[in-house]
Amino acid sequence: MKLELLSSADYEFLSSIVDEWWGNRPVRHLLQRLFLEHFGSSSYKLVEGDAIVAFLVGFRSQSQPQIAYVHFVGVHPEWRKQGLARQLYLRFFSQMTALGCTECQSITSPLNRTSIAFHTGMGFELLAGDGEVDGIPVHLHHAGEGQHRVVFRKPLD
Ligand SMILES: CC(C)(COP(=O)(O)OP(=O)(O)OC[C@H]1O[C@@H](n2cnc3c(N)ncnc32)[C@H](O)[C@@H]1OP(=O)(O)O)[C@@H](O)C(=O)NCCC(=O)NCCS
């Protein structure tokens with residue numbers, strides 16, 4: 001399996017599969033071409049043969065350069081629980097640490113229990129917010145009215 005940078009050329013494929021990989025949740029609108037055009041140097045894919053089986057879209061914050069941010073991470077349903085997302089995160093952490101970042105952040109929906117389990121398993125903490133959903137701390141209306149989000153944080157070595 002090859003680890004490569006993402007580029008704009010990957011947009012059509014990723015846009016066509018993200019909703020399915022996210023359990024038929026409508027997330028396609030969150031993965032815009034601009035992320036691949038402008039953050040391709042810190043975004044990765046794992047390729048088996050000619051097929052993308054996992055990807056991560058991340059970048060260094062421009063306004064808070066000590067923070068690295070992961071916008072998307074997804075693994076083909078048939079390739080899950082084999083350490084692929086961990087591999088992508090570790091590559092990203094390594095690149096961001098070399099740039100001087102001291103922490104990584106990400107967000108997810110409180111309904112996405114797999115994402116919460118994954119991030120917890122990767123050593124992220126859930127930041128206290130201003131509300132709770134089913135006992136999970138959330139930042140209320142973080143992504144718009146009624147769109148509460150879990151905010152993750154992990155210090156980088
Ligand atoms: C979340 C996701 C990216 C995890 O990918 P993955 O390659 O299966 O994860 P890994 O195998 O690298 O797992 C790393 C750790 O996360 C945890 N983990 C991953 N999936 C888990 C699950 N379904 N339940 C519980 N813990 C889980 C484990 O601690 C695991 O470590 P371990 O294997 O040593 O036990 C994948 O399930 C996915 O693509 N989901 C749909 C998209 C999504 O929700 N993305 C995240 C929000 S942006």
Side-chain angles (χ1 to χ4, degrees), residues 1-6 10-40 42-49 51-61 67-97 101 103-127 129 131-144 146-157:
M1 197 172 286
K2 293 174 291 183
L3 178 72
E4 299 175 348
L5 289 173
L6 282 174
D10 298 309
Y11 176 73
E12 278 76 13
F13 173 74
L14 293 179
S15 185
S16 75
I17 54 81
V18 281
D19 286 357
E20 186 188 333
W21 286 19
W22 261 249
N24 294 319
R25 279 199 286 271
V27 297
R28 182 175 301 157
H29 62 288
L30 300 173
L31 183 63
Q32 295 158 22
R33 187 185 294 274
L34 74 89
F35 289 104
L36 307 183
E37 284 182 338
H38 298 291
F39 300 113
S42 55
S43 299
Y44 297 93
K45 59 185 173 183
L46 283 165
V47 181
E48 175 74 8
I52 296 176
V53 295
F55 73 101
L56 178 153
V57 174
F59 51 85
R60 183 187 193 188
S61 170
I67 294 177
Y69 187 85
V70 174
H71 179 54
F72 257 75
V73 61
V75 174
H76 187 293
E78 291 175 10
W79 286 87
R80 289 183 187 163
K81 293 193 152 185
Q82 299 176 47
L84 299 192
R86 179 189 295 280
Q87 186 180 341
L88 291 169
Y89 261 75
L90 293 180
R91 179 69 190 88
F92 180 71
F93 291 161
S94 160
Q95 180 187 20
M96 293 295 116
T97 302
C101 295
E103 77 173 65
C104 185
Q105 293 185 2
S106 187
I107 66 171
T108 203
S109 160
L111 304 178
N112 193 341
R113 298 306 171 92
T114 304
S115 177
I116 294 170
F118 166 71
H119 282 93
T120 305
M122 289 296 298
F124 283 79
E125 62 173 319
L126 282 62
L127 286 186
E132 281 192 359
V133 172
D134 297 334
I136 296 169
V138 295
H139 294 240
L140 295 170
H141 313 296
H142 184 86
Q147 296 296 314
H148 315 317
R149 291 291 179 268
V150 176
V151 178
F152 299 110
R153 171 186 179 275
K154 176 183 163 62
L156 298 178
D157 297 333

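Because only heavy atoms are used, hydrogens play no part in the values below, and waters and symmetry mates are left out as well, while side chains stay in. When a ligand or atom number is given, it counts from 1 through the structure's own listing order. These figures come from a predicted structure and were not determined experimentally.
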For this session: Answer whether the closest heavy-atom distance between the side chains of V53 and V47 falls below 4.5 Å.
Result: no

For this session: Taking side chain to side chain donor-acceptor pair (under 3.5 Å) as the test, write out the residues that go with K45, two or more places apart.
Result: D10

Exercise. Which protein residues have a heavy atom under 4.0 Å from ligand 1?
Worked result: W21, W22, V73, G74, V75, R80, K81, Q82, G83, L84, A85, R86, T108, N112, T114, S115, A117, F118, G121

Problem set entry | Residues which pass salt bridge (Lys or Arg N to Asp or Glu O under 4.0 Å) with D134, listed by chain and number, not counting sequence neighbours | R113

Exercise. Could you go step by step and tell me if Y69 and F39 meet the ring-ring contact (aromatic ring centres under 6.0 Å, His included) rule?
Worked result: CA-CA 11 Å; Y69 187 85; F39 300 113; 9.8 Å; no

Seminar exercise, completed: Sequence neighbours excluded, the answer for side chain to side chain donor-acceptor pair (under 3.5 Å) partners of E125 is R153

Exercise. So does E12 pair up with R33, basic N to acidic O under 4.0 Å?
Worked result: yes

